[in-house]
Amino acid sequence: MLGNIVRHALGRLRPVTTVDQVRSLIDRGQLDAALAQTPHLHPDTPRRELARKALEAEIAFRQGRDGEAEETFKWVLTQDPGHAHAHYGLSLLLYERGDAEAALRHAQFASNVLANDARYFAQLGLCHVQLGNYPIAEGLLKQALRA
């Protein structure tokens, strides 16, 4: 009987997930699945609520809900001005809008905070390409490949 109760209770628990698992779903284009997982980030996730909001903003951006994404990224930055993923997300959004200089500033901040994330270096490199800074872009894109 105790075994049945435990199995029933475990079956009702939602599995915890990590930020990397959600990002993997985003990268594979499984945006609805990624969004469904954001409330279930592991309790030990640093700054869990901000991480959740930044992930939800990136999903909104990828779904074409740019206004919502921008508002959420900016909200995260009001709570934590150094939040690298929110800066990265804003860089993606601003780059897509054609504001390469603003995108560059956010990408630089993100890559300085998390210096080993290939996506951040790639975004920074793309901003430099857009601005015509080809030698800098080449170095950053090579660094992204190495990371």
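The first residue in the sequence is number 1, and the count goes up from there.
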Distance from [X] atom [atom1] to [Y] atom [atom2], nearest 0.5 Å?
X	Y	atom1	atom2	answer
His83	Trp75	NE2	CH2	9.5 Å
Leu90	Phe61	CG	CZ	10.0 Å
Leu77	Thr72	CG	OG1	11.0 Å
Thr45	Leu50	OG1	CG	11.5 Å
Arg119	Asp27	CZ	CG	6.0 Å
Leu41	Leu55	CG	CG	6.0 Å

Taking every non-hydrogen atom, the tightest pair across [X] and [Y]:
X	Y	result
Ala84	Ala110	O-CB, 3.4 Å
Gly125	Ala137	O-CB, 3.4 Å
Leu124	Ser111	CD2-OG, 3.3 Å
Pro39	Ala36	CD-O, 3.3 Å
Ala122	Ala144	N-CB, 3.6 Å

Name the one of Gln63, Lys53, His85, Arg23 that satisfies side-chain hydrogen bond (donor to acceptor under 3.5 Å, both in side chains) with Glu58?
-> His85
Using the rule that two of Ile, Leu, Val, Met, Phe, Trp, Tyr join whenever any of their side-chain heavy atoms come within less than 4.5 Å, decide whether Val22 and Leu35 are in one cluster.
-> yes
When hydrophobic residues are tied together by side-chain contacts of less than 4.5 Å, even through go-betweens, does Val19 share a cluster with Val16?
-> no
Would you check if the side chain of Arg146 reaches a backbone N or O of Ala118 as a donor-acceptor pair within less than 3.5 Å?
-> no
Is atom CD of Gln30 surrounded by more than 12 heavy atoms (other residues, nucleotides or ligands) closer than 6.0 Å?
-> yes
Output, in order, the C-alpha distance, side-chain angles, deciding distance and verdict of side chain to side chain contact (heavy atoms under 4.5 Å, CB included) for Ile59 and Thr38.
-> CA-CA 10 Å; Ile59 293 165; Thr38 60; 4.1 Å; yes
With Arg52 via side-chain hydrogen bond (donor to acceptor under 3.5 Å, both in side chains) - residues at least two apart = Glu49, Glu56
Set of side-chain contact (heavy atoms from CB on, under 4.5 Å) partners for Leu126, sequence neighbours left out | Tyr95, Gln123
Donor-acceptor pairs under 3.5 Å, side chain of residues 97-106 to any protein atom, not counting sequence neighbours: which ones?
residue : atom : partner : partner atom : Å
Arg97   : NH1  : Glu70   : OE1          : 3.1
Arg97   : NH1  : Glu70   : OE2          : 3.4
Arg97   : NH2  : Glu70   : OE1          : 2.5
Asp99   : OD1  : Ala102  : N            : 3.3
His106  : ND1  : His87   : ND1          : 2.9

Test ring-ring contact (aromatic ring centres under 6.0 Å, His included), reference Tyr88, set Phe109, Tyr120, Phe73, output is Tyr120
Going through the distances and angles, do Phe121 and Leu141 end up as a side chain to side chain contact (heavy atoms under 4.5 Å, CB included)?
-> CA-CA 6 Å; Phe121 287 124; Leu141 294 170; over 6 Å; no
